[in-house]
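Comments concern the structure below.
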Amino acid sequence: MTANLKSVIVGTAGHIDHGKSSLVEALTGTDPDRLAEEKRRGITIDLGFAFLEDAGIRFGFIDVPGHERFVSNMLAGAAGIDLMLLVIAADESIKPQTREHFDICKLLGVQHGVVALTKSDLVDDSELTLAQLEIEEYVRGSFLEGSAIVPVSAKTGAGIPELKRALHDAAMQVGGKDATRSFRLPIDRAFAMKGFGTVVTGTLISGAVGTGDEVEMLPGGERLRVRGVQTGGQAVAQAFAGQRTAVNLAGIDHTAVRRGMTLAEPGKFRRTRRIDAQFTLLAGTHKLKHRERVHFHASTAETIAEILLYGASELAPGQTALAHLVLQDEMVLVAGERFIVRQFSPVTTIGGGLVLDPLARRPLSRDAGRIKFLETLRDGTREEVLAAMVERAPMGLRYEEIPAHTGWRETEIREAIKVLASSGVVKSIGEERPLLIGGGIFDRMRNTISEKIEHFHRENPLSPGINREELRSSIGRRVKPQVFRAALAELIAQKKLEAQGEIVKRAGSGITLQPDEHAAMAKIEAAFRSGGLVVPAVKDVLAGLSVEAKRAEKLLHILLREKSLIRVSPELIFHQEALTHLKERLSAYKTSKGERISVPAFKDLTGITRKYAMPLLEYLDRERVTRRMGDERVIL
Ligand SMILES: Nc1nc2c(ncn2[C@@H]2O[C@H](COP(=O)(O)OP(=O)(O)O)[C@@H](O)[C@H]2O)c(=O)[nH]1
Ligand SMILES: [Mg+2]
């Protein structure tokens, strides 16, 4: 029944004692002051909640405290609101927390609102008109300009129907939250309910959640199961973005959950301690210094942050700048999310901003492109943003990084990749989770490979081609294997190169082996491999082949070039497998018997005679596997 109603979250705002809580009760029939202390003292301390279904709209009311001491509670509620109900008492008009709450809503990007001019029963018509004019003047130039200003009295009920109509009209303008994105519920309350266990509540700001879902509690990362869901005090199969939501959780004690934690779809959100953002300092405050410490509030969470200004030592009131914020505690933040900043002491709201990159890297003075990149994040189209991200990842951008930084949906990401790949701006490598690399970088890599191969053929006219691994390491250690493979595959597909097993060569170039040469080459290799460390004499191996001496010599060269065989001394050639095995045995010897080994011990270990042992030890010295010390060797 509730699923097809439009859900709109209304947040009250305004100075203490201006009648916010009374008005919510007059509208909904529910007293939002739920705490015993609130009832006793007659003030709102924490967030209160109430619901109203009216002409096809389900309103969720969040009643906030007006007292300046409880602004941080107000902020926890304000983050999810669609519509501000600015409450101003006709007999007092605009007061400090009227201004502060209104500033906060502006900084949070609230787009819609209604002004309730309360306690209309306490003033006469001329005072009412005066207050109305004053408010019109005050909201000029803001999102509230032209919004309804409705005189009401919670005491007499005058104006309540008109206010409901005004709320309804404003609610029709609200765009609503996106239920198709990943589920995220910033928690504003956690408590135990008899017979149910742990219940958490919050404004569902994206996605949907239903009974039986597996969810993740952040920042801890615990995986939990949803036992039940309620919205507006009624059990539902699923709750959707834009609804006040209560989730009954299995697997966690309510004392382990606090306001500011986030319930989310598993694996979709990352915690962060550094963000890049656009920050605005309110007019009428002090200037902000570079590295100033502040209170940081986003969704229902708060922490302390240090603000680093990009390219400035201070920010003047009323100005906006790009900034890096270092958070004292880890938080879950997404791109496009708004936040509020309050002065460290005395605590007043001084500004706020927009998260551009929730997973920012530490600022580096050599990173000259950062400001331009952040401007692209702020103003660019999806394709422009993705192209800029790829440009800043010269070794390739992993697919998983894209949603983590941008919050985009899978379909949006795939679409942007398609556009950029078809224009050649980006090369997408792999299907499922592609690695993205700049088109220019990829082209240069292909050219480098071609050049290396040309060079190799010039230097090694006898060799059929270069070993793949050797080619890769000649290109640079930091090149990711899949990028190298993709570049190579493209050159092969373009028929510029050919590959034969592990060997790569210029297409149509070099030596092509005859069938009898293939067989002879295999025979040479087998002879040395089966010998182990007791290798046959080279001339005997070559003499035993069916091809003539000159061709046999050429085949041996190819095997040495490929490094399948290794020349240890002018007379002795070993298979590389035998040498690798020998090095492993030496390292095992070092572990069990110590780092020194004598010539007799080496002969014992390997079972070979002096004829092989001495050249091998000299080879190992050259390879820095061992070092000679008197009559012994030290295993390095
Ligand atoms: N005369 C009159 N008093 C009101 C009206 N609305 C609220 N009040 C009183 O003003 C005081 C503060 O109201 P409350 O709703 O707690 O204000 P809040 O702090 O903004 O939530 C209470 O004593 C209310 O009874 C109204 O419309 N008319
Ligand atoms: Mg109140």
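We count ligands from 1, going down the list as the structure has it; atoms in each ligand are counted the same way. Source: prediction; values computed, not measured.
Between Lys177 and the choices Asp82, Val8, Leu204, the side chain to side chain contact (heavy atoms under 4.5 Å, CB included) rule is met once, by Asp82. None of Leu282, Val64, Leu75 except one satisfies the side chain to side chain contact (heavy atoms under 4.5 Å, CB included) rule with Ile104; the exception is Leu75.
Checked by distance only, ligand 1 and Leu23 stay at 3.5 Å or farther apart across all their nitrogen or oxygen atoms. Geometrically, ligand 1 and Thr118 share no nitrogen or oxygen pair separated by less than 3.5 Å. Polar contact check, Asp63 against ligand 1: no nitrogen or oxygen pair lies under 3.5 Å apart. Taking distance alone, with nitrogen or oxygen atoms compared against 3.5 Å, Asp17 approaches ligand 1 more closely than that limit.
Ligand-side atoms of ligand 1 in range of Leu122: 1 (N), range being under 4.0 angstrom from any heavy atom. Of all atoms in ligand 1, numbered sequentially from 1 with element shown, those under 4.0 Å from a heavy atom of His15 are 20 (O). Taking a cut-off of under 4.0 Å to the non-hydrogen atoms of Lys155, the atoms of ligand 1 that pass are 1 (N), 2 (C), 26 (C), 27 (O), 28 (N). Atoms of ligand 1 found under 4.0 Å from any heavy atom of Asp121 (numbered from 1 in listed order, with element): 1 (N), 2 (C), 26 (C), 27 (O), 28 (N). Using a 4.0 Å cut-off to heavy atoms of Ala154, the atoms of ligand 1 that qualify are 6 (N), 26 (C), 27 (O).
Using a 4.0 Å cut-off between heavy atoms, Thr12 makes no contact with ligand 1 at all. In Asp33, neither the side chain nor the backbone holds a heavy atom less than 4.0 Å from any atom of ligand 1.
Glu412 and Arg181 are joined by a salt bridge, as a carboxylate oxygen and a charged side-chain nitrogen come within less than 4.0 angstrom of each other. Here Glu162 does not pair with Arg165 in a salt bridge; the nearest charged N to carboxylate O distance is not below 4.0 Å. Checked for salt-bridge contact, Asp357 and Arg274 miss the test: no charged N lies under 4.0 Å from a carboxylate O. The residues Arg189 and Asp46 are annotated as not salt-bridged, no charged nitrogen and carboxylate oxygen being separated by less than 4.0 angstrom. With respect to Asp367 and Arg361, no salt bridge is recorded, no charged nitrogen being found less than 4.0 Å from a carboxylate O. Using a cut-off of 4.0 Å between Lys/Arg side-chain N and Asp/Glu carboxylate O, Glu401 and Arg270 are scored as salt-bridged.
Residue Ser21 counts as close to the Mg ion (ligand 2), with an N, O or S atom under 2.8 Å. With 2.8 Å as the limit, Thr44 counts as an N, O or S neighbour of the Mg ion (ligand 2).
For atom 23 (O) of ligand 1, the nearest protein heavy atom lies 4.0 Å away or farther.
Remark: minimum distance from atom 16 (O) of ligand 1 to any protein heavy atom is reached at Gly42 O, 4.0 Å. Atom 5 (C) of ligand 1 has as its closest protein heavy atom Lys119 CG, 3.7 Å. Ranking protein heavy atoms by distance to atom 17 (O) of ligand 1, first place goes to Gly19 N, 3.0 Å.
Checked against the 6.0 Å centroid threshold, His295 and Phe344 count as a close aromatic pair.
Of the listed residues (Ala13, Ser22, Gly159, Ala116), the one carrying the non-hydrogen atom nearest atom 6 (N) of ligand 1 is Ser22.
The shortest distance between side-chain heavy atoms of Leu288 and Val341 does not fall below 4.5 Å.
Under a cutoff of 6.0 Å and an axis angle of 45°, Arg244 and Phe51 do not form a cation-pi pair.
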